[in-house]
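In what follows, a structure is listed as structure tokens, so that the remarks can point back to it.
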Amino acid sequence: VAVIYFSRRGRLVTLANVIAEGARSVEGADVVAYRIRDPVNGDVPDQYDEGVLDAPVVTPQIIQEADCIIIGAPGRQGGLCAEARFLLDSLANFQTSGCLLKIPVGVPPSAVMEDAILASPFGTCMAGKARNDRSGGSRLRSLSESEVKLAYSQGEWAAQVAKQLHDTGDE
């Protein structure tokens with residue numbers, strides 16, 4: 001399971017980590033949280049809060065090899081941010097070959113993707129209050145109890161669906 005996000009301020013980092021934790025609760029699930037690199041500016045540290053650049057960068061090959069992907073990004077003007085759209089556009093060659101048809105996908109509700117079978121809390125359950133303590137230089141967001149439950153459940157459910165779809169019975 002690849003949990004993929006774009007965030008400059010850390011709001012989706014917290015959520016992505018909770019979703020990944022839920023996916024890891026499924027026996028045999030291999031789960032990694034990845035970040036989307038800004039295709040124009042790259043990784044300029046002063047443009048990101050502390051800790052946001054710690055996750056590995058996702059590539060089209062990682063997505064192709066994943067059994068399941070969950071993507072989260074901020075919404076901008078009614079759609080996904082440009083950085084996430086750029087990543088999805090980079091998958092065009094995979095789409096025409098049909099190799100992405102095997103992957104359950106979780107997406108933000110503001111994104112329009114055909115055949116998306118998992119609903120995502122990314123962008124919909126961010127009512128948690130930002131921490132007031134800025135001493136660490138990070139604005140990683142505290143999540144409410146209901147947001148944590150929803151995010152954890154999505155990760156768990158996505159991993160279970162992927163396991164059922166890809167279980168070869170060789171275990």
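Worth knowing before you read on, the calculation uses all heavy atoms, side chains too, and leaves out hydrogens, waters and symmetry mates.
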Q) Are there more than 12 heavy atoms of other residues, nucleotides or ligands under 6.0 Å from atom CD of Gln61? A) yes
Q | Close side-chain approach of Asp43 and Arg35, heavy atoms under 4.5 Å | A | yes
**Q.** pair Leu165-Asp67: side-chain heavy atoms closer than 4.5 Å
**A.** no
Q) What heavy-atom pair brings Ala23 and Val31 nearest, and what distance separates the two atoms? A) CB-CG2, 3.6 Å
Q. Closest approach of Ile70 and Ala158, non-hydrogen atoms and distance?
A. CD1-CB, 3.6 Å
Q.
Give me the atom names and distance for the closest heavy-atom approach of Ala73 to Leu80.
A. CB-CD2, 3.9 Å
**Q.** Interatomic spacing from CD1 in Ile36 to OG1 in Thr59 - rounded to 0.5 Å
**A.** 12.0 Å
Q: Report yes if some heavy atom in the side chain of Val26 is under 4.5 Å from a heavy atom in the side chain of Glu156; otherwise report no.
A: yes
(Q) To the closest 0.5 Å, what do you measure between CD1 (Ile63) and CD1 (Ile4)? (A) 4.0 Å
Q: Would you check if Tyr5 and Leu15 make a side-chain contact, meaning some heavy-atom pair closer than 4.5 Å?
A: no
(Q) Looking at every non-hydrogen atom in both residues, tell me the closest pair between Ser25 and Gly22 and how far apart they are. (A) OG-O, 2.5 Å
Q.
Can you tell me which residue among Arg85, Glu83, Arg37 is in a side chain to side chain contact (heavy atoms under 4.5 Å, CB included) with Phe6?
A. Glu83
Q: Starting at CD1 of Ile19, measure out to OG1 of Thr14 and round the result to the nearest 0.5 Å.
A: 11.0 Å
**Q.** Minimum heavy-atom distance between Ile71 and Ile69, given as atom pair plus value
**A.** CD1-CD1, 3.9 Å
(Q) To the nearest 0.5 Å, what is the distance between CZ on Arg9 and CD on Gln47? (A) 8.0 Å
Q: Please test Glu147 against Val18 for side-chain contact (heavy atoms from CB on, under 4.5 Å), starting from the C-alpha separation and ending with a verdict.
A: CA-CA 9 Å; Glu147 290 168 335; Val18 173; over 6 Å; no
Q: Verify the cluster assignment for Leu88 and Val58: are they in a single hydrophobic cluster under the rule of side-chain heavy atoms below 4.5 Å apart?
A: yes
Q: Please report the closest heavy-atom contact between Val32 and Pro56, naming both atoms and the distance.
A: CG1-CG, 4.1 Å
Q: Indicate, with yes or no, if Leu53 and Ile62 share a hydrophobic cluster defined by side-chain heavy-atom contacts under 4.5 Å among Ile, Leu, Val, Met, Phe, Trp and Tyr.
A: yes
